[in-house]
Amino acid sequence: MQKENSTSGSKSRLKFRRLLIWFWLLIMAPVIGLFLFIGGIALFADLPDIAQLQNPESNLATVIYSSDRKELGRFYAENRVNVKYKNIDKDVIEALIATEDERYHNHSGIDVRGLGRAVLHLGREGGGSTITQQLAKMQFHRDAEKLSFTDRVFQKFKEWIIAIRLERLYTKEEIIALYLNKYDFNFNAVGIKSAAKVYFSSSQDSLTTGEAAVLVGMLQNPSRWNPILNPNDALTRRNVVLSQMKKNGYLSESRYDSLRNLPIAIRYNPESHNEGPGPYFREYLRDNFLKKWCSEHLRPDGKPYDLYRDGLKVYSTIDTRMQSHAEAAVDEHMVNLQ
């Protein structure tokens, strides 16, 4: 009899304990949920809204053109001139996808397979970031390297969210163009157009396969794989890019073998405000006309135009052919005249 009473008492206590647990769960669940909700808002409050994603801020150079439609020079805070996807060399696009994001056309911002590989191998066999995630990081989280480990983890979640939003707002082609126009290749070369001109004295739509591979190789680290600072390392990296192009079917075996044995033919063309034809004319144009014009004309947001950041296009009356002859004549006779 005592044993039955003891068993009955144990069951009652167990039942009471369960009811107590459920009671506290029901009481605490809304509180915990509220704390998680507030914490989530605090952690992700700095995510860009749709308007920011559709109109990302970029500093664009003002370009001065001659009467024969040649570029005379630029004024800039960052030496960037945006170009459209269709005006980027095919080899650059193929090298980029082959090296940075092999399944680019098969995901919506996050490559689960690549992410799993990166976690499994601790990043030794490539990172898990897609091109879209890299764009998100460049556009909205530029100082991620300075964060603590915990902050970097949350930062990665933010990049995933932004990447998914970017994929909904832009086509795959537009994302590639945004990415290549945004990237800083060092040596005052921001964006693929400036990089092609600075490193190879070329345009972004006329690069050779080897030149395209050099520039794409720099996307991992523009200092370490820089053909001017570290030519041997840049050559090694270029061949890695070429190998990836072969692996993904963009290069044949014979084409790869011929290209990987070629040296990097740098045609360095440093740019500054003083480079290009007609430097005195451009200075006169800036100080006596453009600064005044910018202060008197307003952008759609109501602020005055910025000569160094708003990507103005200025068409002048200078003819580059006549200017070239004039400058050659000055160089020839100035020594005797002085």
Does the side chain to side chain donor-acceptor pair (under 3.5 Å) test come out yes or no for Glu174 and Tyr85, once each step is laid out?
CA-CA 7 Å; Glu174 288 171 333; Tyr85 177 87; over 6 Å; no

dist Tyr76:OH -> Ser194:OG (nearest 0.5 Å) comes out at 8.0 Å

From CA spacing to verdict: side chain to side chain donor-acceptor pair (under 3.5 Å), Asp111, Tyr104:
CA-CA 8 Å; Asp111 181 6; Tyr104 178 66; over 6 Å; no

Are the side chains of Thr208 and Glu211 in contact, using a 4.5 Å heavy-atom criterion?
yes

Is it true that Asn248 and Glu102 share a donor-acceptor pair across their side chains at a distance under 3.5 Å?
yes

Taking atom CG of Leu135 and atom CD1 of Ile131, what is their separation to the nearest 0.5 Å?
9.5 Å

Value for CG (Leu290) from CZ (Phe75), rounded to nearest 0.5 Å, stands at 6.0 Å

Crowding at NZ, Lys90 (>12 non-hydrogen neighbours, <6.0 Å):
no

I need the minimum non-hydrogen distance between Ala189 and Asp184, along with the two atoms involved.
O-OD1, 3.7 Å

Any side-chain heavy-atom pair from Ile64 and Lys313 closer than 4.5 angstrom?
no

Is a donor on one side and an acceptor on the other found under 3.5 Å between the side chain of Arg224 and the backbone of Ala234?
no

I'd like to know if Phe187 and Val190 are part of one continuous hydrophobic network [Ile/Leu/Val/Met/Phe/Trp/Tyr, side-chain heavy atoms within less than 4.5 Å].
no

Under a 4.5 Å cut-off applied to non-hydrogen side-chain atoms, are Thr130 and Glu100 in contact?
no

Is the backbone N or O of Ala95 less than 3.5 Å from a side-chain atom of Thr99, with the two atoms forming a donor-acceptor pair by type?
yes

Does Leu285 form a side-chain contact (heavy atoms from CB on, under 4.5 Å) with Glu283? I'd like the steps, not just the answer.
CA-CA 5 Å; Leu285 188 65; Glu283 284 300 309; over 6 Å; no

Side chain to side chain donor-acceptor pair (under 3.5 Å) between Asn186 and Ser223, intermediate numbers included
CA-CA 7 Å; Asn186 286 355; Ser223 296; 3.0 Å; yes

Using side-chain heavy atoms (C-beta onward) and a distance below 4.5 Å, is Val314 in contact with Leu72?
no

Are the side chain of Arg309 and the backbone of Asn59 linked by a donor-acceptor contact shorter than 3.5 Å?
no

With clusters defined by side-chain heavy atoms of hydrophobic residues (ILVMFWY) lying less than 4.5 Å apart, directly or transitively, does Phe200 cluster with Leu180?
yes

Determine yes or no for a side-chain-to-main-chain donor-acceptor pair under 3.5 angstrom, with Asn288 supplying the side chain and Tyr284 the backbone.
yes

To the nearest 0.5 Å, tell me how far Lys137 NZ sits from Glu159 CD.
6.0 Å

For the residue pair Tyr268 and Tyr199, does the interplanar ring angle fall in the parallel (under 30°), tilted (30 to 60°) or perpendicular (over 60°) class?
tilted

Hey, does Met245 have a side-chain heavy atom less than 4.5 Å from the side chain of Thr209?
yes

Quick one: does any side-chain atom of Gln244 pair with a main-chain N or O of Ala98 as donor and acceptor, under 3.5 Å?
yes

When rounded to the nearest 0.5 angstrom, what is the spacing between CG in Asp257 and CG in Leu251?
10.5 Å

Straight-line distance of Asp89 CG to Leu207 CG, nearest 0.5 Å:
5.5 Å

Taking C-beta and beyond as the side chain, do Pro304 and Glu296 meet within less than 4.5 Å on heavy atoms?
no

Near Arg267 CZ, under 6.0 Å, is it more than 12 heavy atoms from other residues, nucleotides or ligands?
yes

Arg237 (side chain) donor-acceptor with Gly217 (main chain) under 3.5 angstrom:
yes

In terms of hydrophobic clustering (I, L, V, M, F, W, Y; side-chain heavy atoms under 4.5 Å; direct or indirect links), are Ile97 and Val240 co-clustered?
no

For the residue pair Asp310 / Thr62, report whether a side-chain donor-acceptor contact shorter than 3.5 Å exists.
no

Contacts of Asp205 that satisfy salt bridge (charged side-chain N to carboxylate O under 4.0 Å, His left out) - sequence neighbours left out:
none

Do you see a donor-acceptor pair shorter than 3.5 Å between the side chains of Lys156 and Ser129?
yes

With sequence neighbours left out, the residues meeting salt bridge (charged side-chain N to carboxylate O under 4.0 Å, His left out) with Arg321 are Asp68, Asp319

Please collect all ring pair (Phe, Tyr, Trp, His ring centres under 6.0 Å) contacts where either partner lies in residues 312-338, sequence neighbours excluded, each pair once.
Tyr65-Tyr315

Summary of ring pair (Phe, Tyr, Trp, His ring centres under 6.0 Å) pairs that have at least one residue in residues 214-267, sequence neighbours excluded
none

Spell out, yes or no, whether Leu60 and Ile192 are grouped together once hydrophobic residues are joined by side-chain heavy atoms under 4.5 Å, including indirect joins.
no

Does Lys70, at its NZ atom, have more than 12 non-hydrogen atoms belonging to other residues, nucleotides or ligands within less than 6.0 Å?
no

Can you list the residues that meet the ring-ring contact (aromatic ring centres under 6.0 Å, His included) rule with Phe185, with sequence neighbours excluded?
Tyr183

Hey, does Arg238 have a side-chain heavy atom less than 4.5 Å from the side chain of Leu235?
yes

Any side-chain to backbone donor/acceptor pair from Arg282 onto Pro277? Under 3.5 Å, distance only.
yes

Answer yes if Leu215 and Leu262 sit in the same cluster of Ile, Leu, Val, Met, Phe, Trp and Tyr residues linked by side chain heavy atoms under 4.5 Å apart, and no otherwise.
yes

Sorted by chain and number, sequence neighbours left out, salt bridge (charged side-chain N to carboxylate O under 4.0 Å, His left out) with Lys291 holds for Asp287

Kindly indicate whether the side chain of Leu312, heavy atoms from C-beta on, has any atom under 4.5 Å from the side chain of Tyr305.
yes

Establish, from distance only, whether the side-chain atoms of Arg74 and Asn79 form a donor-acceptor pair under 3.5 Å.
yes

So does Lys182 pair up with Glu78, basic N to acidic O under 4.0 Å?
no

Taking it one step at a time, do Tyr170 and Thr132 satisfy side-chain contact (heavy atoms from CB on, under 4.5 Å)?
CA-CA 10 Å; Tyr170 296 101; Thr132 317; over 6 Å; no

Between the side chain of Ser206 and the main-chain N/O of Ser203, is any donor-acceptor distance below 3.5 Å?
no

Regarding Gln323 and Glu327, do their side chains bring together a donor and an acceptor under 3.5 Å, going by distance alone?
yes

